[in-house]
Student: 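Got a structure for you, written out below as structure tokens; questions coming shortly.
None of the values given here were measured: they were computed from a predicted structure. The chains referred to below are lettered A, B, ... by the order of the sequence lines, with proteins before strands, and numbering in each begins at 1.
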Amino acid sequence: MTHLPAASVPAEESNRCQVTAKTFVDNKLIEAIDRMSELKVPSRSEDFSEWYNQLVLRAELADYAPVRGCMIVRPYGWALWENIQQALDRRFKATGHVNAAFPLLIPRSFIEKEKSHVAGFSPELAVVTHGGGEELEEPLVIRPTSETIIGHAYSKWIQSYRDLPVLINQWNSVVRWELRTKLFLRTLEFFWQEGHTAHATFEEAETETRQMLDIYTDFAVNDAAIPVIPGRKSPSERFAGADQTYSIEAMMGDGKALQAGTSHNLGQNFAKAFDIRYLDKNGTLQDCWTTSWGLSTRFIGAIIMVHSDDQGLLLPPKLAPQQVVIVPIYKTEEESARVLEAAKRIRAELVASHFRTILDEREGVSPGFKFNDWEMRGIPLRIEIGPKDLTKNTVVLARRDKPGKEGKLSINQDALAGAVGEMLAAIQKSLYDRALAFREAKTLDTENYDDFKSAIESGFAFSFWCGDPDCEQKIKEETKATLRCIPIKQPRRSGSCIKCGKPAGEQAYFAKAY
RNA sequence: CGGGGAGUGGCUCAGCCUGGUAGAGCACCUGGUUCGGGACCAGGGGGUCGGAGGUUCAAAUCCUCUCUCCCCGACCA
């Protein structure tokens, strides 16, 4: 059906046509195409935004909640989040962090203790004014992040240099009253982890901040197959209350940037505001140095927007809730019994080899429908097994990242587990390579403002910046592009500012962003 | 928060202008034929039209308010 040109589909006329033999056939075709277009997701190139929304809903990752800007994370979406959590939590634990839970409600006065923190967050706070039917003496805010309440706790817990460092993380949700929302990317409530650490020296805090940035980078690259640029934020883009903010920035499938994780060196700002102090070896009272770092369910949005296509979701094997789906193919009852028996044996074998594997035993749904259905849900690898395979002792492997016959391969059942492992690894790698090639093709090292402007129309501009906030601001006003980050790795030593032309020592990525 | 669009069975939408108490396709259920890339036939169940108020003998349809979603702008993980 897909080879029919769109122009041959006069949908409006379908109801008016007289039913001659020819128009009857045309109507049948039109109906079939209509049905197809309902089943298919809107094309990514035509309407990226609508494509994204449909994918989230149709793949059953999330749904809208009755309150504006809120999101229901459905089981499939949550399973993906759980895999993200495990991948990160493992890394946090390996670097000495422990998990804890701090309260949802924070006294309003806490937020007001750190001056730039209030300024940054007060416009987007949800405030609780009543409890138990009575107006509260002091309003409570629902945490937009937990620096303040954790700072309060740390001030009680930390007395001596022997108590340091404190390395705590928590998995929770926070609320920020955003004006413009989008599933996963920006919702009023979102799920994340927030790590909060306290240290004796600036150097230790800075090392921690950078270590966590490295962990996010490692996770994004190796588990999510998303190439990211680790870098430093400009002062205007810093977290409210931070001395230094680092982020990993990724390019989405439409060329726009997404901040996928952040790590902040909070200096002594929160320590001073919350009296987080320790007695050093010399008996001198010192303010602590603190950090915080977070990665949210927004990252699910990144996975979708980086890898997926017009067929639907495409999940990186390491994070996919299900890595392999087995679709049995049969005609008769007798075949059904034999094929299902083999399919179950294969599933057991793959599960024993620690591949997350499901068998689609649904009846009354054709194999073709199942193929499309699981492609929509982004399962990286499909195994087809039918009567022909039974006679040959084979199965067909079909990889999600290569469409149609091109991605199919018949292999012997005896070599299955090894082949599946290799194939999943190959998919993981090809997703990363593809995303990296895409980003590189859409990133321009620009020397003049005209090139800069055309670069940010389709991707990133990598340009020298003199460090003057005015230049940054003008660029934003004139082009809608923001300074995403100043990468840790600087390929060149000096050049001239893309905006004012003055000498500049660093290059930064600029892009339109989510 | 400003500008634009939209809310009618699970989904996509028609009906609204010119009020008379709801319709199609898909999905769902049952039976049968199908099944290696989105099957077909027959029968069946399901909505009071986002919510509240108003006009009217009568409201999905007209009026007012409100909620939600989408798109575009100002703020943000």
Student: Taking any heavy-atom pair under 4.0 Å as a contact, classify A:P123: base, sugar-phosphate, or nothing.
Tutor: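 Nothing, no nucleic acid heavy atom in range.
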Student: Would you indicate what A:G301 reaches in the nucleic acid, counting non-hydrogen atoms under 4.0 angstrom: base, sugar-phosphate, or nothing?
Tutor: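 Counting heavy atoms under 4.0 Å across all strands, no contact is made by A:G301.
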Student: Taking only residues two or more places apart in sequence, or in another chain, which ones meet A:R345 in a side-chain contact (heavy atoms from CB on, under 4.5 Å)?
Tutor: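 Partners of A:R345 under the side-chain contact (heavy atoms from CB on, under 4.5 Å) test: A:A342, A:Q413.
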Student: Select base, sugar-phosphate, or nothing to describe what A:G294 touches, counting heavy atoms under 4.0 Å on all strands.
Tutor: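 No contact.
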Student: Pick base, sugar-phosphate or nothing for A:E375, based on heavy-atom distances below 4.0 Å to the nucleic acid.
Tutor: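 Contact class for A:E375: base.
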Student: On the six-membered ring of A:F460, is A:R439 placed so that its NZ or CZ lies under 6.0 angstrom from the centre and within 45° of the ring axis?
Tutor: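 Here A:R439 fails the 6.0 Å and 45° test against A:F460.
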Student: Indicate, with a heavy-atom threshold strictly under 4.0 Å, whether A:R68 touches base, sugar-phosphate, or nothing.
Tutor: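 Since only primed, P, OP1 and OP2 atoms lie under 4.0 Å of A:R68, the category is sugar-phosphate.
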Student: Under the side chain to side chain donor-acceptor pair (under 3.5 Å) definition, can you give me all pairs with a residue in residues 212-222 of chain A, not counting sequence neighbours?
Tutor: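 Every pair satisfying side chain to side chain donor-acceptor pair (under 3.5 Å) with a residue in residues 212-222 of chain A: A:R91-A:D218, A:Q193-A:Y216, A:D218-A:N222.
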Student: Any N/O pairs under 3.5 Å between the protein and nucleotides 70-74 of chain B? List them or say none.
Tutor:
from	atom 1	to	atom 2	distance (Å)
B:C70	OP1	A:Y64	OH	2.9
B:C70	O3'	A:N53	ND2	3.3
B:C71	OP1	A:S49	OG	2.2
B:C71	OP1	A:N53	ND2	3.4
B:C71	OP1	A:K182	NZ	2.5
B:C72	OP2	A:R180	NH2	2.5
B:G73	N7	A:R180	NH1	3.3
B:A74	OP1	A:K480	NZ	2.9

Student: Determine if A:W192 stacks with B:A77; use a centre-to-centre distance below 5.5 Å and an interplanar angle below 30° as the criteria.
Tutor: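 The ring of A:W192 is not stacked on B:A77.
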Student: What's A:L185 touching, base or sugar-phosphate or nothing? Going by heavy atoms closer than 4.0 Å.
Tutor: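 Base contact.
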Student: Quick check, are the ring centers of A:W81 and A:F184 under 6.0 angstrom apart?
Tutor: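 So the answer is no for these two rings.
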Student: Base, sugar-phosphate or nothing for A:R362? Non-hydrogen atoms, less than 4.0 Å.
Tutor: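 Contact class for A:R362: none.
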Student: Protein-nucleotides 6-8 of chain B N/O pairs closer than 3.5 Å?
Tutor:
none

Student: On a whole-Å scale, what distance lies between the C1' atoms belonging to B:C17 and B:G32?
Tutor: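 My reading of the C1' atoms in B:C17 and B:G32 gives 47 Å.
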Student: What class does the angle between the rings of A:H264 and A:F239 fall in, given that below 30° is parallel, 30 to 60° is tilted and above 60° is perpendicular?
Tutor: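 Parallel: the ring planes of A:H264 and A:F239 meet at under 30°.
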Student: Please tabulate, for the side chains in residues 185-192 of chain A, all donor-acceptor contacts under 3.5 angstrom to protein atoms that are two or more places apart in sequence or on a different chain.
Tutor:
from	atom 1	to	atom 2	distance (Å)
A:T187	OG1	A:E189	O	2.7
A:E189	OE2	A:S173	OG	2.7
A:W192	NE1	A:N172	OD1	2.8

Student: Would you please test A:E249 and A:K233 for salt bridge (charged side-chain N to carboxylate O under 4.0 Å, His left out) and show each step?
Tutor: CA-CA 10 Å; A:E249 298 286 329; A:K233 285 288 191 183; 2.8 Å; yes
Student: Check whether the side chain of A:K370 and the base of B:G36 form a donor-acceptor pair under 3.5 Å.
Tutor: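 Between B:G36 and A:K370, which were checked side chain against base, a qualifying N/O pair under 3.5 Å is absent.
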Student: How far apart are the C-alpha atoms of A:R347 and A:D360, what are their side-chain angles, what is the distance that settles it, and do they pass the salt bridge (charged side-chain N to carboxylate O under 4.0 Å, His left out) test?
Tutor: CA-CA 11 Å; A:R347 178 183 57 186; A:D360 187 350; over 6 Å; no
Student: Listed by chain and number, what are the side-chain hydrogen bond (donor to acceptor under 3.5 Å, both in side chains) partners of A:R176, not counting sequence neighbours?
Tutor: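 By the side-chain hydrogen bond (donor to acceptor under 3.5 Å, both in side chains) rule, A:R176 matches no residue at all.
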Student: Considering every strand and a 4.0 Å limit on heavy-atom distances, what is the contact class for A:V396: base, sugar-phosphate, or nothing?
Tutor: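 Base, at least one base atom sits under 4.0 Å.
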Student: Between A:Q259 and A:R382, just flag the one whose closest nucleotide in RNA chain B comes earlier from the 5' side.
Tutor: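 Per heavy-atom nearest nucleotide, the more 5' residue is A:R382.
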